[in-house]
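Here's the structure, in structure tokens; my notes come after.
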Amino acid sequence: MTNKELFIDEETTITYKPQPINIRNFDTLQAKIEEIRAKYDGLVVTADSYQTDKKTKQELNKLFNRLDEQRRKVKRDYMAQIKPIEDAIKPLEDDIKETSVNIDKQLKTYDEKWKEAKRTQIQQFINDVSPNYGVSAETITIDSRFLNKSTSKKAVAGCNC
């Protein structure tokens with residue numbers, strides 16, 4: 001197998017070599033299992049066959065357990081190779097996520113301050129122009145759409161709300 005290289009950034013890479021898992025005579029084992037399935041398909045246990053069928057079940061369970069045990073051993077070995085990279089990278093991912101969350105909180109705080117400043121500007125505008133129209137500034141409600149960054153003063157002034 002050839003080495004695989006993953007690029008994290010321009011200075012950092014991860015290089016690894018995936019190893020194939022070979023099962024010698026797998027097709028023979030597969031054929032054996034199919035033969036067993038075909039032989040016992042539709043089996044009806046009788047008083048005469050009870051002991052033999054019980055022994056057959058025990059042998060099948062032993063085969064199953066051997067297959068399962070070997071599969072788990074291979075998996076453990078592969079996972080043992082993966083664990084160090086996970087242990088090294090997971091704290092870095094956590095640090096990145098924590099930093100991102102902190103920046104997100106700061107962005108939201110900034111946005112709220114910006115909206116409050118815009119609300120104050122709009123309220124001042126209402127206070128300045130409401131006497132010209134013979135209405136009380138307290139009776140005018142500021143539409144939340146006016147607090148969007150994309151809403152211009154001209155759009156607020158021209159509103160027929």
Side-chain angles (χ1 to χ4, degrees), residues 1-45 51-125 141-159 161:
M1 276 267 131
T2 61
N3 283 346
K4 301 273 185 176
E5 190 167 27
L6 305 174
F7 295 91
I8 294 173
D9 60 26
E10 54 277 342
E11 300 167 354
T12 312
T13 61
I14 297 173
T15 305
Y16 67 100
K17 186 174 183 178
Q19 297 295 317
I21 299 173
N22 299 313
I23 303 174
R24 189 169 42 97
N25 296 326
F26 179 76
D27 52 344
T28 305
L29 176 63
Q30 196 172 25
K32 180 179 177 181
I33 304 290
E34 285 300 319
E35 186 180 307
I36 291 169
R37 282 179 51 108
K39 181 178 178 181
Y40 294 105
D41 188 35
L43 172 74
V44 176
V45 176
Q51 289 302 323
T52 306
D53 293 339
K54 192 171 183 176
K55 191 177 214 176
T56 300
K57 178 187 171 273
Q58 289 171 344
E59 289 172 10
L60 290 174
N61 285 343
K62 283 181 188 178
L63 177 59
F64 173 85
N65 289 335
R66 280 195 311 267
L67 285 171
D68 193 51
E69 179 184 336
Q70 297 308 317
R71 176 190 58 80
R72 285 189 275 145
K73 278 183 182 178
V74 170
K75 184 176 180 179
R76 264 193 307 272
D77 290 346
Y78 270 77
M79 293 308 289
Q81 294 176 38
I82 294 169
K83 182 114 175 73
I85 187 98
E86 285 184 341
D87 291 348
I89 290 182
K90 188 67 175 134
L92 301 176
E93 291 174 339
D94 292 345
D95 288 347
I96 290 169
K97 193 65 174 171
E98 183 180 336
T99 303
S100 177
V101 166
N102 288 338
I103 291 171
D104 184 57
K105 287 177 186 176
Q106 291 296 317
L107 289 170
K108 286 178 181 174
T109 299
Y110 177 85
D111 286 343
E112 287 303 315
K113 286 179 182 177
W114 187 91
K115 281 184 178 185
E116 199 50 46
K118 190 161 185 180
R119 180 184 300 281
T120 302
Q121 286 179 340
I122 293 170
Q123 188 63 53
Q124 185 59 48
F125 174 75
T141 305
I142 298 174
D143 190 326
S144 62
R145 293 176 293 167
F146 295 162
L147 303 177
N148 293 336
K149 289 181 180 181
S150 61
T151 304
S152 67
K153 282 186 179 180
K154 187 176 181 180
V156 173
C159 178
C161 303

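Bear in mind the structure is a predicted one, so any value in this text is a computation, not a measurement.
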With rounding to the nearest 0.5 Å, note down the distance linking CD in Glu35 to OH in Tyr40. 10.0 Å
dist Gln124:CD -> Arg119:CZ (nearest 0.5 Å) comes out at 15.0 Å
List the atom of Lys4, the atom of Pro18, and the distance in Å for their closest heavy-atom pair. CG-CD, 3.7 Å
Spatial distance of atom NZ (Lys97) from atom CG (Asp95) [nearest 0.5 Å]: 13.0 Å
Rounded to the nearest 0.5 Å, how far does CG of Leu63 lie from CG of Leu29? 6.5 Å
Would you indicate whether the side-chain heavy atoms of Lys108 and Asp104 approach each other to under 4.5 Å? yes
Please list, chain by chain and in numerical order, all residues satisfying side chain to side chain donor-acceptor pair (under 3.5 Å) with Thr13, sequence neighbours excluded. Glu5
Could you tell me if the side chain of Leu43 sits less than 4.5 Å from the side chain of Thr56, heavy atoms only? no
To the nearest 0.5 Å, what is the distance between CD1 (Ile33) and CG (Leu67)? 6.0 Å
Out of curiosity, Phe7 CZ to Ile14 CD1, how far, rounded to the nearest 0.5 Å? 11.0 Å
Between Asp111 and Lys115, does a salt bridge (charged side-chain N to carboxylate O under 4.0 Å, His left out) hold up when you go through it step by step? CA-CA 6 Å; Asp111 286 343; Lys115 281 184 178 185; over 6 Å; no
Any idea which heavy atoms bring Trp114 and Leu147 closest together, and the distance? CZ3-O, 3.2 Å
Minimum-distance pair of heavy atoms, taken over all atoms of Lys17 and Thr2: CG-O, 4.1 Å
Counting C-beta onward and ignoring hydrogens, is there a side-chain heavy-atom pair between Arg37 and Glu34 closer than 4.5 Å? yes
Check: Glu11 main-chain N/O paired with Asp9 side-chain donor or acceptor under 3.5 Å: yes
Closer than 3.5 angstrom, by distance alone: can the side chain of Thr120 be matched with the main-chain N or O of Glu116 as a donor-acceptor pair? yes
Short question: side chain of Asn65, backbone of Asn61 - any donor-acceptor pair under 3.5 Å? yes
For Ile85 and Ile82, the nearest pair of non-hydrogen atoms, with its separation, is CG2-O, 2.9 Å
Any ion pair linking Arg71 and Asp68 (charged N to carboxylate O, less than 4.0 Å)? yes
Side chains of Ile36 and Lys32 in contact at under 4.5 Å (non-hydrogen atoms): yes
